[in-house]
Amino acid sequence: MKAKIKYWIRDAMRPLIIRPYPNAGGMDYVDPKKKSNFVGKIVLAAALTALCILMLKQSSTFRSPSPDNLSRGNIGAVRVLETLFPQHGRLQFIYADLGDAKAVNKIFSENAFDAVIHFAAVAYVGESTLDPLKYYHNITSNTLVVLEAMAAHGVQTLIYSSTCATYGEPEKMPITEQTPQLPINPYGKAKKMSEDIILDFHKNSDMAVMILRYFNVIGSDPEGRLGEAPRPELREHGRISGACFDAARGITPGLKVRGTDYKTADGTCIRDYIDVSDLVDAHVRALEKAKPGKVGIYNVGTGKGRSVNEFVEACKKATGVEIKVDFLPRRPGDYAEVFSDPTKIRDELNWTARYTNLQESLEIAWRWQKSHRDGYGSPS
């Protein structure tokens, strides 16, 4: 069993490092500066970490001491993890700025990282069209800082969280990993630039690289420990699941569906919704299969497209609320239809999405919403 894996995670502007030290089979904790063999699987730690990332990006209840600190994060999610891993040294939270190269290098020099799982990104298509420079800086520039630190300190494994937005609006469906990448919004462009930087660097490196292109992530922790808490000021740009839950809870007067004239069966956008529990498993598989000198690029999706109208109907059933829906013009930067062909990740990583019942995923997420009406502020 692997002695330690440190997970580098961050919110919109500031990074977090989660470092779980598994104690399987009576294994003792080790000195953080001592390297370990790159083996093993830490499902619980990885699951909680990935779930934490989604929540840290979107929380509304934490007010940081400066504008950028945890600007879209929530220290409450970290506190949840601390209660689950209370042993001294098992979980490490580092508060720093990913855009600060000196701080990042200091962190790498003081710790012995076996792998970096880079989830960091602001991730709203609509917002990216309004503030593109934020996205290029936050995604592309900061990824360069991470990669430079890895190279300087000999960290040889990178799992990079990318997005289906790098494909833009392909002419053919489903999307394979060979589909041309022609992004149409700054979010997708910034992610593709990051991929290009990683791939160019890899040409002269023995680094193990895995790039995972997410489709639309939904769901919540089935155990009810972590959930989605969107920031109020970002509701106009946020995920449809958060918007549905806000409408069901009466936080907003209704749900706004943007675009009803796309060339789809019901006129609304079609997306591939991947449950966060499946996404967690994909990262574990990628970490296990990463090989020195090799690059793996994989779509992470279900292989099935669902329209926005279908999603809304599933959300109504999951919440038991007859949500009011307002139909509005298209949102800039959106595309009509995107869903994956997951054949490659199935064949090479032995991964297949298991949680594919849309209504069930929303029911699980809705339970967390109902018991955490103030996000991480005061659970019921």
Side-chain angles (χ1 to χ4, degrees), residues 1-10 17-20 22 36-54 113-121 123 139 143 146-147 150 155-167 175-179 181 191-192 194-199 201-202 205-217 219 272 274-303 340-356:
M1 172 63 71
K2 179 176 174 55
K4 64 181 183 295
I5 295 178
K6 298 181 184 181
Y7 292 95
W8 180 280
I9 68 174
R10 67 185 282 276
I17 294 179
I18 298 294
R19 183 179 64 190
S36 61
N37 291 329
F38 184 66
V39 293
K41 178 176 181 179
I42 311 172
V43 177
L44 176 60
L48 291 171
T49 301
L51 284 164
C52 183
I53 291 154
L54 295 179
F113 294 101
D114 297 303
V116 171
I117 304 181
H118 182 16
F119 298 92
I139 296 172
T143 294
V146 173
L147 197 62
M150 291 179 68
V155 182
Q156 290 294 305
T157 300
L158 172 64
I159 314 299
Y160 183 66
S161 301
S162 191
T163 171
C164 63
T166 64
Y167 294 114
I175 293 173
T176 72
E177 288 79 2
Q178 300 303 314
T179 297
Q181 290 178 287
K191 280 289 191 179
K192 184 181 183 300
S194 294
E195 286 191 19
D196 290 342
I197 291 170
I198 292 167
L199 295 175
F201 171 75
H202 184 270
S205 166
D206 288 330
M207 183 178 289
V209 172
M210 299 293 250
I211 295 173
L212 303 183
R213 294 173 182 158
Y214 303 179
F215 283 70
N216 291 64
V217 185
D272 187 339
I274 177 74
D275 191 283
V276 68
S277 295
D278 284 324
L279 188 65
V280 166
D281 191 46
H283 283 83
V284 174
R285 301 292 178 90
L287 192 59
E288 288 179 331
K289 299 289 187 179
K291 296 180 180 179
K294 302 295 183 181
V295 175
I297 300 176
Y298 303 97
N299 291 334
V300 185
T302 66
S340 71
D341 178 349
T343 300
K344 184 180 179 184
I345 193 170
R346 181 196 66 201
D347 292 347
E348 296 185 9
L349 302 189
N350 193 29
W351 177 91
T352 302
R354 295 178 295 163
Y355 303 96
T356 57

Heavy atoms only: give me the nearest [X]-[Y] pair and the separation to one decimal.
X      : Y      : value
Thr143 : Ser194 : OG1-OG, 3.5 Å
Met150 : Met207 : CE-CE, 3.8 Å
Ala115 : Leu287 : CB-CD1, 3.9 Å
Glu177 : Ile297 : CG-O, 3.3 Å
Val300 : Ile274 : O-CG2, 4.0 Å
Asp275 : Gly219 : OD2-CA, 4.1 Å

If you measure from [atom1] on [X] to [atom2] on [Y], what distance do you get to the nearest 0.5 Å?
X      : Y      : atom1 : atom2 : answer
Arg346 : Asn299 : CZ    : CG    : 13.0 Å
Ile211 : Thr166 : CD1   : OG1   : 9.5 Å
Met210 : Thr157 : CE    : OG1   : 10.0 Å
Tyr214 : Leu279 : OH    : CG    : 4.5 Å
Ser277 : Arg354 : OG    : CZ    : 8.0 Å
Gln181 : Asp196 : CD    : CG    : 7.0 Å

Checking Lys344 now: which residues fulfil salt bridge (charged side-chain N to carboxylate O under 4.0 Å, His left out) with it, not counting sequence neighbours?
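Result, salt bridge (charged side-chain N to carboxylate O under 4.0 Å, His left out) vs Lys344: none returned.
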How would you list, by chain and number, every residue that makes a side chain to side chain donor-acceptor pair (under 3.5 Å) with Ser162, sequence neighbours excluded?
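Ser162: side chain to side chain donor-acceptor pair (under 3.5 Å) contacts with Glu195.
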Side-chain donor/acceptor of [X] to backbone N/O of [Y], under 3.5 Å:
X      : Y      : result
Trp351 : Pro342 : no
Asp278 : Tyr355 : yes
Gln156 : Ala208 : no
Asp272 : Ser340 : yes
Lys191 : Ser161 : yes

Check the pair Arg285 / Asp281 against side chain to side chain contact (heavy atoms under 4.5 Å, CB included), numbers first and verdict last.
CA-CA 6 Å; Arg285 301 292 178 90; Asp281 191 46; 3.4 Å; yes
Take Arg213 and Ile175, measure what side chain to side chain contact (heavy atoms under 4.5 Å, CB included) needs, and give me the verdict at the end.
CA-CA 11 Å; Arg213 294 173 182 158; Ile175 293 173; over 6 Å; no
Apply side chain to side chain contact (heavy atoms under 4.5 Å, CB included) to Val209 and Tyr160, showing your working.
CA-CA 8 Å; Val209 172; Tyr160 183 66; 5.7 Å; no
Could you go through Phe201 and Leu158, starting from their C-alpha distance and side-chain angles, then the distance that decides it, and tell me whether this counts as side chain to side chain contact (heavy atoms under 4.5 Å, CB included)?
CA-CA 12 Å; Phe201 171 75; Leu158 172 64; over 6 Å; no
